[in-house]
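Residue numbers begin at 1 in each chain, while the letters A, B, ... track the order of the sequences.
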Number of protein chains: 2
Amino acid sequence: MAVTMNDVARAAGVSLKTVSNVLNDYEFIRPATKQRVQDAIAELGYEANLTARSLRSGKTSMLGLVLSDLSAPYYAELASKLMKAAARRGYRVIVEQSDAGAAAELGALQGTFRQLTDGLLFTPLVADADAIAARAGRKPLVMLGEHVMDPRFDLVTMKNGEAAAALTRHLLAGGRRRIAVIGARPDESAGSAGLRLNGYRKALEDAGIAFDAGLVAPAAWRRDAGAAAVAGLLEAGVEFDAVFGLNDVLALGALHELLIRGVKVPGEVAVAGFDDIDEARFASPSLTTVSPGMEEIAERSVGLLLDRIGARETAAQGVHVAAGFELKIRESAP
Amino acid sequence: MAVTMNDVARAAGVSLKTVSNVLNDYEFIRPATKQRVQDAIAELGYEANLTARSLRSGKTSMLGLVLSDLSAPYYAELASKLMKAAARRGYRVIVEQSDAGAAAELGALQGTFRQLTDGLLFTPLVADADAIAARAGRKPLVMLGEHVMDPRFDLVTMKNGEAAAALTRHLLAGGRRRIAVIGARPDESAGSAGLRLNGYRKALEDAGIAFDAGLVAPAAWRRDAGAAAVAGLLEAGVEFDAVFGLNDVLALGALHELLIRGVKVPGEVAVAGFDDIDEARFASPSLTTVSPGMEEIAERSVGLLLDRIGARETAAQGVHVAAGFELKIRESAP
DNA sequence: TAGGAGTTCTATAACGTTGTAAAAAAGAAG
DNA sequence: CTTCTTTTTTACAACGTTATAGAACTCCTA
């Protein structure tokens with residue numbers, strides 16, 4: 001039997017509610033009474049029962065995080081940082097893996113998972129804005145990433161286009177002219193893939209270089225797909241002097257494939273990625289990439305979500321935030 | 001206002017408890033009644049309130065997972081698999097990061113976090129067995145990893161010693177005679193580091209090769225520490241023809257450092273790791289390592305924990321389980 | 001057609017908190 | 001001292017579920 005508020009009240013010789021008031025920093029309590037209650041709490045080792053508190057107050061002090069796969073390095077790092085940011089503010093984060101399935105993504109908006117949380121950090125990859133809006137409910141929801149950019153939703157993201165353009169300019173400045181892009185998603189223009197590809201095209205255009213669709217290889221955002229995409233280009237006889245992996249694992253997969261085939265990096269082909277996962281620094285050669293300001297993303301998305309949770313009314317309009325980025329020039333594309 | 005059981009009861013023309021009985025698969029309910037209740041549930045879109053259920057039943061349907069850092073690839077993969085294993089059984093996992101701090105590890109055993117969960121999957125790195133036992137409480141607790149091997153606790157682990165010995169034998173069979181070990185923890189013999197080092201020594205001994213303490217480099221289990229450890233050995237003029245990183249990120253850091261310095265891998269020095277993280281397959285050269293049966297670890301630790309949660313009494317004796325391993329021979333040490 | 005053994009259902013009381021409203025105590029003003 | 005205001009404390013209900021115990025049905029048997 002755990003110690004309850006009632007036990008504390010009895011020990012301190014006050015009513016149940018007075019104990020509750022002390023715990024909730026109610027204004028009008030005599031210092032002597034407060035002390036007596038606190039002594040009783042310390043002596044009995046009382047700890048508030050969160051379940052009961054949640055039931056009564058309707059708040060759980062938990063945030064939900066929906067992402068496709070926690071074992072992907074980018075998401076693992078993001079989740080870790082989000083948890084720490086939330087912990088600093090007295091919240092806990094629970095994670096739901098969607099495996100990039102639409103049903104799982106939409107399911108996380110409702111039911112058990114939603115019920116357990118006061119607000120959601122949501123990284124949709126396949127569900128569309130209308131389907132999300134229809135199921136969004138009234139609890140706050142902050143989008144992470146680029147799949148859904150809709151004025152109805154709050155959104156914290158990165159400067160995909162600008163960063164991809166900056167990276168492309170860097171490759172061009174290094175004398176590269178035929179930059180292959182791997183990881184494109186031909187079917188979508190709004191997601192991270194589309195935005196980064198746009199940045200790439202913009203930089204080419206600004207430099208007066210024609211865009212060649214033959215240099216763009218679609219691929220799922222996994223290592224093996226990155227390797228396969230590069231293998232495909234090589235076997236098709238496509239010539240290129242640089243590879244831009246739309247994220248780091250794609251670039252690392254490509255790097256691996258190039259090295260296996262005896263292609264010199266960066267001598268013959270430069271390689272660059274996007275995300276600056278920990279591994280990028282320690283690849284051989286180390287990977288040039290974009291650091292998308294993950295710390296800032298974590299901090300601001302949790303901050304925004306908690307603002308919404310604390311607000312009286314639901315916001316009429318979504319806020320869009322884009323964290324700053326930084327180019328990380330390393331050996332693979334100096 | 002969410003739909004409650006009371007609304008369902010009214011709509012179906014039965015009592016509150018009958019609805020509860022339907023939801024909990026109580027045996028004695030007339031099929032017609034059951035149907036009526038289920039229709040009402042479907043029509044009203046009722047969903048059980050987990051908080052209220054928890055308060056009344058004392059069960060949360062959540063498991064706790066305590067680990068040092070979710071952004072470390074090994075832990076990220078483990079967490080992902082544990083969540084899936086738990087989900088298959090109707091449980092959710094919430095993660096607490098200890099940052100390898102004793103206070104945080106012990107803190108996770110008590111207070112809020114413990115309260116929210118029906119049982120704990122615990123990966124201690126610094127806390128000692130007695131301190132854990134003193135705070136273990138009465139809710140089930142399953143240890144993961146090797147830091148605490150104590151008959152009082154249930155434990156799911158891997159075959160560290162055997163696997164390290166097998167890997168060492170493989171290096172020896174490839175003609176390597178001076179195998180450097182990086183990532184040792186001189187202060188502890190019981191943890192993963194100690195067990196793997198023992199396996200290494202055992203294999204050397206069996207092969208009649210003298211152990212040379214000069215080949216053993218202490219290092220924190222991070223990439224940069226692995227790189228630094230190898231750099232240290234090289235700069236100290238220590239000769240070696242193989243590096244055994246006590247985990248994969250150490251080995252990958254070492255691999256990186258060797259390549260930067262122009263040391264041929266595996267030509268001059270073979271490199272091997274431990275864990276078989278996703279990245280190991282895609283390193284250049286790909287990394288020879290040990291796959292420690294993580295799937296099996298996830299499955300069995302969740303299974304064991306749920307057995308304990310479901311059991312009438314607390315077990316008198318801890319059960320120790322060691323998952324099988326598999327050698328992954330790749331390019332870095334063929 | 002009563003008696004008994006099942007089966008099916010229900011009223012009521014918890015679980016441990018917080019919110020409401022009002023009572024009690026203390027202080028100020030006349 | 002009263003009366004009024006402000007501060008402090010309290011009794012009681014409520015959050016939505018499950019547990020207990022017993023009532024009300026059904027069906028069988030004698």
* Using the closest heavy atom to pick a nucleotide of DNA chain C for each, name whichever of Ile29(B) or Tyr26(A) lands nearer the 5' end. => Ile29(B)
* What pairs of residues pass the salt bridge (Lys or Arg N to Asp or Glu O under 4.0 Å) test when at least one of them lies in residues 4-26 of chain A, not counting sequence neighbours? -> Asp7(A)-Arg10(A)
* **Atom-to-atom span, CG of Asn24(B) to C1' of dG16(D) - whole angstrom** => 13 Å
* To do: State, to 0.1 Å, how close Ile297(A) and Pro292(A) come at their nearest heavy-atom pair, and which atoms those are.
  => CD1-O, 3.6 Å
* **DNA chain D contacts among residues 10-22 of chain A, heavy-atom distance under 4.0 Å** => Val14(A), Ser15(A), Lys17(A), Thr18(A), Asn21(A)
* Asked: Which of residues 37-59 of chain A sit near DNA chain D, with a heavy atom under 4.0 Å from it?
  -> Leu55(A), Arg56(A)
* To do: Report the residues that fulfil side-chain hydrogen bond (donor to acceptor under 3.5 Å, both in side chains) with Arg92(A), sequence neighbours left out, ordered by chain and then residue number.
  => Glu96(B)
* Structure fact -> Taken in chain and number order and not counting sequence neighbours, the residues that satisfy side-chain contact (heavy atoms from CB on, under 4.5 Å) with Asp128(A) are Asp130(A), Ala131(A)
* Structure fact -> All heavy atoms of Ala298(B) vs all of Leu82(B), minimum pair found to be CA-CD2, 3.5 Å
Report each atom pair, protein N/O against N/O of nucleotides 24-29 of chain C, whose distance is under 3.5 angstrom.
none

* **Ala220(A): partners by side-chain contact (heavy atoms from CB on, under 4.5 Å), with sequence neighbours left out** => Arg222(A), Ala225(A)
* To do: Check for a donor-acceptor pair, side chain of Asp69(A) on one end and backbone N or O of Ser71(A) on the other, with a separation under 3.5 Å.
  => yes
* To do: With the side chain of Thr4(B) defined as its heavy atoms from C-beta on, choose the nearest nucleotide among dT17(D), dT9(D), dT18(D).
  => dT17(D)
* **Partners passing side-chain contact (heavy atoms from CB on, under 4.5 Å) against Arg56(B) (at least two apart in sequence or in another chain)** => none
* Please answer whether the main-chain N or O of Ala136(B) pairs with a side-chain N or O of Arg114(B) as donor and acceptor at a distance below 3.5 Å. => yes
* Euclidean distance, atom CD of residue Gln115(A) to atom P of dT17(D) [Å, nearest integer] -> 8 Å
* So what is the end-to-end bend of the helix from dT1(C)-dA30(D) to dG30(C)-dC1(D), with 5 pairs used at each end and the value given to 10 degrees? -> 50°
* d(NZ, Lys34(A); P, dT9(D)) in whole Å -> 11 Å
* To do: Could you tell me whether a side-chain N or O of His147(B) sits under 3.5 Å from a main-chain N or O of Ala127(B), the two making a donor and an acceptor?
  => yes
* Structure fact -> Residues passing the side-chain contact (heavy atoms from CB on, under 4.5 Å) test with Thr60(B), sequence neighbours excluded, are Ser54(B), Met62(B), Asp118(B)
Could I get a table of every N or O pair under 3.5 Å where one atom is in the protein and the other is in nucleotides 4-7 of chain C?
none

* Respond yes when some side-chain nitrogen or oxygen of Asn6(A) is under 4.0 Å from OP1 or OP2 of dG16(C), and no when none is. => no
* Between Met5(B) (CE) and dA14(C) (P), how many Å, whole number? -> 19 Å
* Asked: Under 3.5 Å, side chain of Asp275(B) to main-chain N/O of Ile277(B), donor-acceptor pair present?
  -> no
* Using atom types as modelled and distance alone, determine if a side-chain donor or acceptor of Glu105(B) lies under 3.5 Å from a backbone N or O of Leu125(B). => yes
* **Gln97(B) (side chain) donor-acceptor with Ser80(A) (main chain) under 3.5 angstrom** => yes
* Flag the pair Leu106(B) / Ile132(B) as yes when at least one side-chain heavy-atom distance between them is below 4.5 Å, and no otherwise. => yes
* Structure fact -> For residues 293-306 of chain A, the side-chain hydrogen bond (donor to acceptor under 3.5 Å, both in side chains) pairs (sequence neighbours left out) are Arg88(A)-Glu299(A), Arg89(A)-Glu299(A), Glu296(A)-Arg300(A)
